[in-house]
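All of these numbers come straight from a predicted model, not from anything done at the bench. Atoms considered below: every heavy atom in the structure, side chains included; atoms not considered: hydrogens, waters and symmetry mates.
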Amino acid sequence: MITEVSAVSFRQNLGDMLNQVQYRNDSIVINKDGKPVAALVDAELFARIRRMRERFDALSERIASAYAQVPMTEGLAEIDALVATERRR
């Protein structure tokens with residue numbers, strides 16, 4: 001479950017919210033002035049997100065180096081065509 005709270009409420013109820021995340025595997029979105037500014041998630045989920053980000057960054061670097069000599073419009077057109085093909089599957 002994802003709960004949204006204000007920053008003030010988060011500060012006032014930090015202990016309860018840590019328990020909610022730790023024991024119920026909930027996530028909490030912290031809003032400031034009505035806008036989301038941070039999230040509290042369990043450590044295992046955060047570790048998975050970090051690994052996914054590292055893999056994404058590595059893949060992005062591989063793609064950038066593979067297309068380094070290709071004009072940007074040509075490379076983007078090829079990527080768009082491949083994405084469209086995959087979405088039709």
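Put simply, NZ on K35 and CG on N31 are 11.0 Å apart, with the number rounded to the nearest 0.5 Å. How far CZ of R53 is from OG of S60: 9.5 Å, rounded to the nearest 0.5 Å. The CD1 atom of I79 sits 9.5 Å away from atom CE of M72, with the distance rounded to the nearest 0.5 Å. In this structure, the separation between CD on E4 and OG on S27 is 11.5 Å, given to the nearest 0.5 Å. Going from atom CD of E61 over to atom CZ of F56 covers 11.0 Å, rounded to the nearest 0.5 Å. To the nearest 0.5 angstrom, M17 atom CE is 9.0 Å from Q12 atom CD.
Of all heavy-atom pairs between V70 and G75, the closest is CG1-N, 3.7 Å.
No more than 12 heavy atoms of other residues, nucleotides or ligands shown are found within 6.0 angstrom of CD1 on I2. Heavy-atom neighbours of D57 CG from other residues, nucleotides or ligands within 6.0 Å: above the threshold of 12.
Following chains of ILVMFWY side-chain contacts shorter than 4.5 Å, one cannot reach I63 starting from L76, and the two form parts of different hydrophobic clusters. Under the 4.5 Å side-chain heavy-atom criterion for grouping Ile, Leu, Val, Met, Phe, Trp and Tyr, V5 is connected to L40 within one hydrophobic cluster. A chain of hydrophobic side-chain contacts below 4.5 Å, direct or via other Ile, Leu, Val, Met, Phe, Trp or Tyr residues, connects I30 to L18.
A donor-acceptor pair shorter than 3.5 Å can be found between the side chains of Y67 and E78.
A donor-acceptor contact shorter than 3.5 Å is absent between the side chain of S9 and the backbone of S6. Judged by distance alone, the side chain of D42 and the main-chain N or O of L45 form a donor-acceptor pair under 3.5 Å.
Taking 4.5 Å as the limit, some side-chain heavy atom of M1 sits within range of a side-chain heavy atom of T3.
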Report task. Please step through side-chain contact (heavy atoms from CB on, under 4.5 Å) for the pair N25 and V21, ending with a clear verdict. Result -> CA-CA 5 Å; N25 293 322; V21 169; over 6 Å; no
Query raised in the report: Would R51 and E54 satisfy salt bridge (Lys or Arg N to Asp or Glu O under 4.0 Å), going step by step from the backbone distance to the final call?
Result: CA-CA 5 Å; R51 286 192 305 271; E54 289 167 2; over 6 Å; no
Query raised in the report: Between L82 and E86, does a side-chain contact (heavy atoms from CB on, under 4.5 Å) hold up when you go through it step by step?
Result: CA-CA 6 Å; L82 290 168; E86 287 300 314; 5.7 Å; no
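Using a 4.0 Å cut-off between charged nitrogen and carboxylate oxygen, R24 and D26 count as a salt-bridge pair.
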